[in-house]
Structure formats: C-alpha cells, structure tokens
Amino acid sequence: MKKNSEPLYVCIARNLSSSIEDGQFKRGDKLPKELQLTKQFHVSRVTVRQAIQILAEKGYIKKVQGSGSHVIYSPSRFQLDRSAQIQSYSEELKQFGQTPQYSVLIYELVNTPTVICNKLELLSGDIRSYYYERVVSNENGPFVFERGYMPFQYFPSLTVQHLESSKTDYIEHVAHITVDHSHQVLRAVMSDGRAMKLLNLKESKPLMEDEHITFSTAGKAVFYTSSLFDTDIYQANFVKFRHSLG
C-alpha cells in the first residue's frame, strides 16, 4: 500500500469502504476473513481489526459473532446524524454532497385552526397563517412529506417560491427572524394512502412523524411543522447531552 501520514488501518478502512460503495461487496455479503485481509494488505491482524471496527462504526458492516463481518451498507439508505443544532434539509444534505428538491403541493392563506393557534400562542386577532404542503426529495427519491403553518404576522412576504427552496434561508434572510430553538415530538405513525403515493411507497408501513414548534430568539413560537419521513431513506440520529454546555 502507498505510504502516507494516515495510519494503515485508516487506509485499509477507506479501501474497503470504497469497494463496498462501488458494489464489489453488496449488502448481505461477507467480507473476507481476517487472515485473508492480512495477506491482501500485508499487515497484522490487529491492524485489520482496527479497520473493521471503523467500518462497523460508520455503518458499512455488522460484525456477527462466529459468522464474520456482514455488509449492511445500501446506497438507497440515507442516514443523517442530528445533534442539538437546528439544521435545514439543505444544510443536512449538503454534508452528503446532495441538493434537496422541493415540490410544493398546497400553498394558501387560511384561518389558523384553533389547535395550532394554541400551540403557537396566537391571539384571537392573529389567526391567519400560510398553510403549505410540500415533498422533499434527494437523489434517492422523495423522503419527507411536510405540512406547516407560518403565521401571516411573522411572514407576510412568504411566497410559493420561498417554499420551493430553503425555508430557513427565507426565515433568516428575508423575514429577518433568528431561530433560537425548537420543541420536537417524534412518533411512529402508519402511512395512509396519500403518504404512500407521495413518498412512492409500495405498501403501507410505519413512518416517523416529527412534529415541531420553532421559537425565535425573542421567545415567540413562530411556526409549526409536521413532517412524515420514510425511514428506509432518512433516519434521524440525535445526540443528547447529560449536562448543559458552556
């Protein structure tokens, strides 16, 4: 192997991950045994085991006791690691070299339902909101069906064109509202006929619903969103801290 500043096990892990991504090892295949890999790369078993551990941690393989290392990587599975930081779809997908596509299905000015007024703490005189529905896709197809209410008092200039791109860009750079935090509730729900059609599902299956209310730095609840995710394409892995930072 070509020498460089990286440890050998890192180079081997990169070599094997490339072989998996290229399809030389497919989902369900077993990697060569440790002894074969030591001969292939001219390294010790310890070095091979370190490389295998990296592949396992990155989700390329699963180590099965007594059976070896099985490939679990699939190019159609899109996983995202979410931390405590709020990120838009554009920001998340950019980390994976992708650009989201937004398809707006409904965009209209409506009287905000009472249940949403209560969630957003809207006064009786502030009952109009833009209601929208849109589907977000990546290179593997549609992965989220999103519905939301954005109060007219905070977003009077919202257009359908804003929803056809990053909503966060509009909120921060056009509406000039700085997002502080969001209150999110995750639950599993069964897909109905409409969700199946919009997400190109062949059969009814559990979806992940992410219902959240987003707050500005002024402490105002500024908009409500409910998103249904196809977990075969999109998974949200959250990092939570035991103690506050700083």
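In what follows, residues are counted from 1 in the order of the sequence shown. Given the structure is predicted, the values throughout are model-derived calculations rather than measurements.
The side chain to side chain donor-acceptor pair (under 3.5 Å) test applied to Q161 returns T159, not counting sequence neighbours. The salt bridge (charged side-chain N to carboxylate O under 4.0 Å, His left out) search around E164 returns none, not counting sequence neighbours. In this view, R45 satisfies the salt bridge (charged side-chain N to carboxylate O under 4.0 Å, His left out) rule with no residue, not counting sequence neighbours. In terms of the side chain to side chain donor-acceptor pair (under 3.5 Å) criterion, Y9 has no residue partners (sequence neighbours excluded). Not counting sequence neighbours, Q24 has no partner by the side chain to side chain donor-acceptor pair (under 3.5 Å) test. Applying the ring-ring contact (aromatic ring centres under 6.0 Å, His included) criterion to Y131, with sequence neighbours excluded, gives Y149. Residues forming a salt bridge (charged side-chain N to carboxylate O under 4.0 Å, His left out) with R147 (at least two apart in sequence, or on another chain): none. Evaluation of the side chain to side chain donor-acceptor pair (under 3.5 Å) rule for S19 yields no partner, not counting sequence neighbours. For Y154, the ring-ring contact (aromatic ring centres under 6.0 Å, His included) criterion is met by no residue, not counting sequence neighbours. Taking H212 as the reference, nothing meets the ring-ring contact (aromatic ring centres under 6.0 Å, His included) condition, with sequence neighbours excluded.
Distance check, rounded to the nearest 0.5 Å: OG1 of T47 to CZ of F41 gives 11.5 Å. Expressed to the nearest 0.5 Å, how far CG of L105 lies from CD of E133 amounts to 6.0 Å. Taking CD1 of I177 as the start and OG1 of T168 as the end, the distance is 12.0 Å to the nearest 0.5 Å. Rounded to the nearest 0.5 angstrom, I116 CD1 and N111 CG are separated by 13.5 Å. Taking CG of L109 as the start and CZ of F152 as the end, the distance is 6.5 Å to the nearest 0.5 Å. Here CZ of R134 is found 12.0 Å from CD of Q101. Values are rounded to the nearest 0.5 Å.
The two residues L199 and F145 make their nearest non-hydrogen contact at CD2-N, 4.0 Å. Contact detail for Y170 and S157: the closest heavy-atom pair is OH-OG, 3.0 Å. Residues P151 and V222 come closest through the heavy atom pair CD-O, 3.0 Å. Among all heavy-atom pairs drawn from M196 and S204, the shortest one is CE-N, 3.5 Å. What you find for A13 and L55 is that their closest heavy atoms are O-CD2, 3.5 Å. The shortest non-hydrogen separation linking P142 to S137 is CA-OG, 3.3 Å.
With salt bridges taken as basic N to acidic carboxylate O contacts below 4.0 Å, one links D230 and K205. Ion pairing between E146 and K167 holds under the 4.0 Å rule for side-chain N and carboxylate O.
Between T112 and C117, some side-chain heavy-atom pair lies under the 4.5 Å cut-off. Contact annotation: the side chain of I12 approaches that of V43 to within less than 4.5 Å [non-hydrogen atoms, C-beta and beyond]. E209 is listed as a side-chain neighbour of S226, based on a closest heavy-atom distance under 4.5 Å.
Connection of L37 to V10 is not established within any shared hydrophobic cluster, with ILVMFWY side chains joined at heavy-atom distances below 4.5 Å, either directly or through further cluster members. Using a 4.5 Å cut-off between side-chain heavy atoms of Ile, Leu, Val, Met, Phe, Trp and Tyr, with links allowed through other members, I54 and I52 fall into different hydrophobic clusters.
With no hydrogens or angles considered, a side-chain donor-acceptor pair links Y224 and E211 at under 3.5 Å. Residues S182 and T214 bring no donor and acceptor atom of their side chains to less than 3.5 Å of each other.
Environment of CD in E57: crowded, with over 12 heavy atoms of neighbouring residues, nucleotides or ligands closer than 6.0 Å.
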Under 3.5 Å, sequence neighbours excluded: what are the donor-acceptor pairs made by side chains of residues 59-69?
| from | atom 1 | to | atom 2 | distance (Å) |
| --- | --- | --- | --- | --- |
| Y60 | OH | E21 | OE2 | 2.4 |
| K63 | NZ | Q53 | OE1 | 2.5 |
| S67 | OG | H70 | NE2 | 2.8 |

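Listed by chain and number, the hydrophobic cluster partners of V185 come to none, as no ILVMFWY side chain reaches under 4.5 Å of it.
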